[in-house]
Structure formats: structure tokens, C-alpha cells
Amino acid sequence: MERELALEIVRVTELGALSSARWIGRGDKNAADDAATTAIRSMFDSVSIDGTVVIGEGEMDEAPMLYIGEQVGNRNGPSVDVAVDPLEGTEVVACGLHNAQSVIAIADRGSLLHAPDIYMEKLACGPELAGRLSLEDPAETTLRKASLITGKALSELTVMVLDRKRHDQLLATLRGLGVRVKLIGHGDVAGAIAAALPDSDVDLYMGSGGAPEGVLAAAALKCLGGELQGKLLPEGPFELQRCLMMGIENPTRVLSMEDMVGTGDVIFAATGVTSGEFLSGVRFIGKERAETHSVIMRAQSRTIRYIRSIHFLPGKEIPQVTASRPDAAFI
Ligand SMILES: O=P(O)(O)OC[C@H]1O[C@](O)(COP(=O)(O)O)[C@@H](O)[C@@H]1O
């Protein structure tokens, strides 16, 4: 993949973020998601790829746009798989909370795992720990190994975890060991990435979240030299069947980076919608301008590029919040 493609991709996440940011704090997560999806779908038409969505807004019968199998791009470029979450953190935007992003990863055709929309157990870490931990180990063993490898005392390790009831047992173990726990309300793509950024204070990301988000995070971690191991958690025969239909033969085995993102090049881009672990959110400046913060990374070079953009809004197709919404009077 040409490196210039990274810049084309980040333009797409920027527009997704700008469009959904109009909906911050308006209590309407579907409208926020629709705005990002519509913007990203239209912007993809100008991107120089022959892309197929493998992770998107759902199956063709569930989603009008960015559905699994949809062709995107202007066909004037490489054949790639596309994983896209137009708005990672729909609830976050609806409630005006932290950690929402527009996220896209592209990789050579056939590289990205077709992950069903079910939960996945995740263990993510940075380059120092990559290849040296196992999701099969109990949490305590993982922490003790991490402590030995990094030379940090258990009390100096920081683990990021989604704040969910289902993680009570994990949290009890971590607290019992004396490690520092950073809880996040939503947005585990950013959470997993935090474990691998060179300037981050997070050592590990642990716990379960969405499987599609797991693949997106794995794409980012590949660009950072980190690792994400995942284990799908199908609940009941329907979800199990869904895994099989998506070509995952043994749905409960541990999935490696290679299983999730292949061995070739990957480009990952994200733009903050609300401020989070490593990206600031959209800031509207007066009536005509808005500022965005994005990251673009490429596995081949492992450069991490942060882009701050000041957009001139009249020149962009950003859907307005419609007058029928309760707070439209303030727009
Ligand atoms: O809220 P749950 O059911 O625990 O699911 C966790 C998932 O939800 C998120 O926090 C937000 O997902 P959405 O964008 O679908 O709202 C993900 O980052 C995470 O993987």
C-alpha cells in the first residue's frame, strides 16, 4: 500500500468525527452514528482503494451503509480489506462523555478477521511484552510475568479495564495484586491502544469488549509493534453459528495478531470525537471552523503521526442537526 493512502484515510475519519460531533450530548446515539456513517460512506468514494468492508455497521440486511461485503473506494488503488467503526462510542457521544473516535483500518485483501458482533476477551500490550504473555494464563500469572519482564513491581504496573459488572472478578484479582487499575467507561479500541503507545503510562489492557473493536485495535497495535490476543465469547447457539458462518472454525481458540490482521501492511487512522486516552475531541471554533486531532499509523514504517487540523466548515458536507430535534434552537 502506498504511504500517501494514510493521508486519504485520515480525511475520512476527520469527516466522520466532525459529523458525529454535532450530536455530542444530545442523547441520540443513533443520530450520532448515522451522521458519522453517512459522512464516512460518502468520503470513501474518493479514496484510492478497491476496498471491501469486512468490519462495518453490520450485515447487508441490518445496515444501509458500510455493511459487511460493501465495496468502497474509487477502485483506483490496491485491493484491501476495510474495518471501519464510524463512531466508536455511540453512547459516549450521546451522553457527552470521553473516548469516542471515528476509526478505520485497511489491510491487504484477505488479511482482516471477519469478526462477528459478539464479545471478545482481550489482552493487549506494547512492544516490550509482545509475544511474551498468553491470554490462556490466569490474570495473576499475566501480571506476575509482566512484572518480571518489565522489571516493574506489581504496584508500578497499570492495567486498563472497561468498567463493567462482568469484570468484577478481574478487578478483584488486580486489586488483590496491588496493581493500578484505570477504568474506562467506553471505547476499548482507545483502551487497547493506550497499552502500546510509547508515551503511555498503561502497561496492559485486559477484559472483554466488542470483537469488531478487537480487530480494529489489533490493527493499531500492529502499527505500534504491540500485541492483542483475543478469544471470542459466543453466547448460545446463535452466536456460535454466526462465528462459523463468518469462517471462524474454532470460535473459542485464542486468536493471534496474524489471525486478526494478517502478516502484511496495515494502515490505521482515528480521529477523536470526544477527548479520550490519546486524542482530543472535536472543538468547534465560532460558526465556521472546527479543530480535530487524529492519529495515523502504518505497520510497515511504525511511524505514529498526530495531525491537528483546523477545518473550514462551509467547504465540507457536514449534515446539520435537524430542526425537529429538541435542542435545534441552539444550532
Ligand atoms: O458496553 P459493552 O456491552 O460492555 O460493550 C463494550 C463495547 O462498547 C464500546 O465501549 C462502545 O461501542 P459502541 O460504539 O458500539 O457504542 C466498545 O468500545 C466496546 O468494545
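All ligand and atom numbering here is 1-based and tracks the order in the structure. Source: prediction; values computed, not measured. We use all heavy atoms of the structure for the numbers below, so side chains are in, but hydrogens, waters and symmetry mates are not.
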So does P116 get a backbone contact from the side chain of E239, meaning a donor-acceptor N/O pair under 3.5 Å?
no
Among protein heavy atoms, which lies nearest atom 12 (O) of ligand 1, and at what distance?
E213 OE2, 3.7 Å
Is there a polar contact, in the sense of an N or O pair closer than 3.5 Å, between G185 and ligand 1?
no
Please name the residue in the list I307, V295, I104, T292 that meets the side-chain contact (heavy atoms from CB on, under 4.5 Å) test with T13.
I104
At a non-hydrogen distance cut-off of under 4.0 Å, which region of E88 contacts ligand 1 (side chain, backbone, both, or neither)?
both
Going by the atom numbers of ligand 1, which of them fall below 4.0 Å from some non-hydrogen atom of G209?
20 (O)
Residue portion contacting ligand 1 (non-hydrogen atoms closer than 4.0 Å) for K29
neither
May I ask you to identify, for H186, whether its side chain, its backbone, both or neither come under 4.0 Å of ligand 1 on a heavy-atom basis?
both
Stepwise side-chain hydrogen bond (donor to acceptor under 3.5 Å, both in side chains) check, S309 with E14:
CA-CA 9 Å; S309 310; E14 280 180 348; 2.6 Å; yes
For ligand 1, find out whether one of its N or O atoms is nearer than 3.5 Å to an N or O atom of R166.
yes
Tell me whether D45 is salt-bridged to R41, with the criterion being a basic N under 4.0 Å from an acidic carboxylate O.
yes
So for atom CD, which belongs to Q169, do other residues, nucleotides or ligands contribute more than 12 heavy atoms lying within a distance under 6.0 Å?
no
Among non-hydrogen protein atoms, atom 1 (O) of ligand 1 lies closest to R164 NH2, 2.9 Å
Can you confirm, on distance only, whether ligand 1 has an N/O atom lying under 3.5 Å from any N/O atom belonging to L162?
no
for atom 3 (O) of ligand 1, nearest protein heavy atom and its distance come out as Y119 OH, 2.4 Å
If I apply the N/O under 3.5 Å rule, does G89 come out as touching ligand 1?
yes
Between K231 and E121, is the closest basic N to carboxylate O distance under 4.0 Å?
no
For D201 and R180: C-alpha separation, side-chain torsions, deciding distance, then whether salt bridge (Lys or Arg N to Asp or Glu O under 4.0 Å) applies.
CA-CA 10 Å; D201 60 347; R180 213 181 280 122; over 6 Å; no
Just to be sure I read this right, does ligand 1 sit under 4.0 Å from the backbone of V92, its side chain, both, or neither, counting only heavy atoms?
neither
Quick check on contacts: which atoms of ligand 1 are under 4.0 angstrom from a heavy atom of L87?
14 (O)
Heavy atoms of the protein only: does one fall short of 4.0 Å from atom 8 (O) of ligand 1?
no
Do D117 and R242 meet the salt-bridge criterion of a basic N to acidic O distance under 4.0 Å?
no
Do me a favour and list the nearest non-hydrogen protein atom to atom 10 (O) of ligand 1 with residue, atom name and distance?
G187 N, 3.0 Å
Heavy atoms only: which of D188, D85, V103, V93 is nearest to atom 18 (O) of ligand 1?
D188
Around atom CZ of F312, are there more than 12 heavy atoms from other residues, nucleotides or ligands closer than 6.0 Å?
yes
What protein heavy atom is closest to atom 16 (O) of ligand 1, reported as residue, atom name and distance in Å?
T90 OG1, 2.8 Å
Give a yes or no on this: more than 12 heavy atoms of other residues, nucleotides or ligands lie within 6.0 Å of atom CZ of R3.
no
Near R305 CZ, under 6.0 Å, is it more than 12 heavy atoms from other residues, nucleotides or ligands?
no
